[in-house]
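Here is the structure we will look at.
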Amino acid sequence: MSEMAYWEAIRRAHDEELANDTKVIVMGEDIGIAGGTYKATSGLYQKYGDKRIIDTPISENSYVGIGIGASMAGLRPIIEIMSINFALLALDTLINAAAKIRYMSGGRVSCPIVMRTPGGTAHQLAAQHSARLARMFMSTSGLRVVTPRGPLDAYGMLKSAVRCNDPVIMIEHESMYNMRGEVPDTETFRPLEGAEVVREGHDITLVGYNYSVHLCLAAAERLAKDGVSAEVIDLRALKPIDRETIRRSVEKTHRMLVAEEDEAAVGVGSEIISVVIEECFFALDAQPMRVHAADVPVPYNRSLERAAIPDVEDVYRGALNVLGRL
Amino acid sequence: MNAADQKRLLREMIFYRRFEERCFEAYMERKIGGFLHLYSGQEAIATGVLEVARPGHDYVISGYRDHIHAIKAGAPAREVMAELYGKETGSSRGRGGSMHIFDPTVRFMGGYALVGQPFPLAAGLALASQYQGTDQIAICFLGDGANNQGTFHETMNMASLWKLPVLFVCENNLYAIGTRIDRSTAVVDQYKRTCGYNVPSSQHDGQDIEVVMEAARNAVDHVRAGKGPYFIEFLTYRTRGHSMSDSNAYRSKEEEQQWAARDPILIYSKRLKQKKILTEEGIRDIERSVQEEIESDVVKFAEESPEPRVEDLTRYCLEERDPRWVGPLQQGARHE
């Protein structure tokens, strides 16, 4: 085991997959000579050269499309988009092309691309650099969506994503690149499906993904001081969702709160509440609820920004609300 | 080119015309659904360009008017027709339809319904060829309307910057759906639009297959020699509307008649008669044999093929089943 930062884990996955298979290439803005905005590809250009580590112009829709075309001809591109906001420019090639080519070719053509991008609210980056948008990808048939919460999954899920023949969207978080965690020294793969129970408990299930798992874990600590035993589930993958792990947990705890950083409408929270109602409605002792962002574009001002997105206090109070203790 | 090849090319174009007109009939009989965009009038371009390329070896990609590009690239016509009928034996197993013909066994990498989307996909196919060190090129067939999408500009830039082996074939039929080119496009000559990206280009008559072949040969040679992308524009005209739902009210009768006189099959038939390669009777024999082949093979196969099974609805959505990559996660195995 070695402790490493989230960005170092991603870089290590790139490095190992590039070394393992010459079909792997990396594309994106500033990922080569500049080493990547979050250093996740640093040093790769020097090691693997400009044929495999491709600095692209700022043309998201078309460089993603070029990656998709290359994947149809046998390459396995890892494509970085600098911010999930910019992924909106590439929705035509991601959603109209990558997600649909396998199906509309009757399974005859695959698009094994990985698109990695940070989605989340960081430090006063304002409305056009703070989007989360996971809900847009998780609602698209033909994609896989993964949301690693720490270095181990960032490393192991990226490696699996590169080897998987489906298009995979890996959503990272601007505030998590320096988060540290243990990663095995031996090569490790982490599956692209399956939620994980990251803290066991029996009074309430807190469901999170990516950054919001950490809010749930911190809230669970506070709840423990109040004598409440909270179970925390990391969804890990938003598409497909692991309904079974959610069901098993809620049948045990009988209460559920889901925490998402995104706006509420048509989102992760509404989806998880639907899963709970469909899977185990009669196991519930209280209505399932969600903690989510305010229904506004993310403001620049730090106080307003913090007020717009959920924090540990919000998850803690949300849990107390579900427990009927507010 | 010898007489046999010239006869074959004329037969191919007559076959393609009859194929498309037969689609029209099947559509009117409601055996084909959805949107249907016919290639009639533009046959010399797909036929001529792919005649001088290497179908089956080179990658070919198209927009939604894709039946004939697929067939000339090597996709069996009966499978294309079966796809239009939505059958399991179709090129895309009935999941794609008219606008999404795929046959990767001959490297026909699909028809796409988002205007301009194939530009970057074609460049990506070319990037893979270049990276793998093969002599395959990518050939991208699109209409004039596609050049007003951002993907045109973004892709020209990257294809030129990286010297990708991609041939962009612009079939300028003068109308983007129902809007005439001079009403939608500031620069009407499409070949002029690539100069900002240093992509060499030229403009040619798209109705005379011999002109198409000669121009395309130069362009294909340029791309295959590793000199980077090439943009070739052919002026052409579709004899039918944009799609089946098109009243064609935006084109004048005079204009249609002018272009009818320049029908590619008419031009080439006349030439082969002048050269004494074919007689009028010989041409009628070709038409009869094409008709016979389309009815007894192509349409019969489509009609008699099975429908996809409803139980297979979600098949082909995601491929990966390998538990090492996909999972599910073994609970308790965390933080090994």
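Side-chain atoms are counted along with the backbone in the values below, which use heavy atoms only and exclude waters and symmetry mates. In what follows, chains carry the letters A, B, and so on, assigned in the order in which the sequence lines appear, proteins first and then strands, with residues in each chain numbered from 1.
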Any side-chain heavy-atom pair of Ile25(A) and Leu127(B) under 4.5 Å = yes
Option in Gly110(B), Ser129(B), Ser91(B) with maximal non-hydrogen atom pairs under 4.5 Å from chain A = Ser91(B)
4.5 Å side-chain heavy-atom contact, Arg108(A) and Thr105(B) = yes
remark   = On a heavy-atom basis, the closest approach of Arg190(A) and Leu329(B) is NH1-CD1, 3.9 Å
task = Let me know if Gln136(B) has heavy atoms under 4.5 Å from chain A in its side chain, its backbone, both or neither.
result = neither
note = Closest non-hydrogen atoms of Tyr59(B) and Ala73(A), given as atom of the first, atom of the second and distance, are OH-CB, 3.4 Å
message = Please report the interatomic distance OG1(Thr56(A)) to CG(Leu161(B)), rounded to the nearest 0.5 Å.
response = 10.0 Å
request  = Can you see which heavy atom on Met158(B) is nearest to which on Ser59(A), and at what distance?
outcome  = CE-CB, 3.8 Å
message = For Arg315(B), which atoms come within 4.5 Å of any heavy atom of chain A: side chain, backbone, both, or neither?
response = backbone
message = Is it the case that the side chain of Arg144(A) and the backbone of Leu318(B) share a donor-acceptor pair, with hydrogens and angles ignored and the cut-off at 3.5 Å?
response = no
query = In Å and rounded to the nearest 0.5 Å, what is the OH to OG1 distance from Tyr131(B) to Thr22(A)?
reply = 5.0 Å
inquiry  = If I measure from the heavy atoms of chain B, does Ser71(A) come under 4.5 Å with its side chain, its backbone, both, or neither?
reply    = neither
request  = Kindly say whether Gly74(A) contributes a backbone atom to a donor-acceptor pair with the side chain of Gln132(B) at under 3.5 angstrom?
outcome  = no
Exercise: identify the closest heavy-atom pair between Pro57(A) and Trp162(B) = CD-CZ2, 4.1 Å
query = Is there a donor-acceptor pair under 3.5 Å between the side chain of Arg163(A) and the backbone N or O of Trp325(B)?
reply = no
query = Gly97(B), Pro328(B), Cys317(B), Gly96(B): which one forms the most heavy-atom pairs within less than 4.5 Å of chain A?
reply = Cys317(B)
Among the listed options Thr151(B), Thr155(B), Leu114(B), the residue most often paired with chain A at heavy-atom distances under 4.5 Å = Leu114(B)
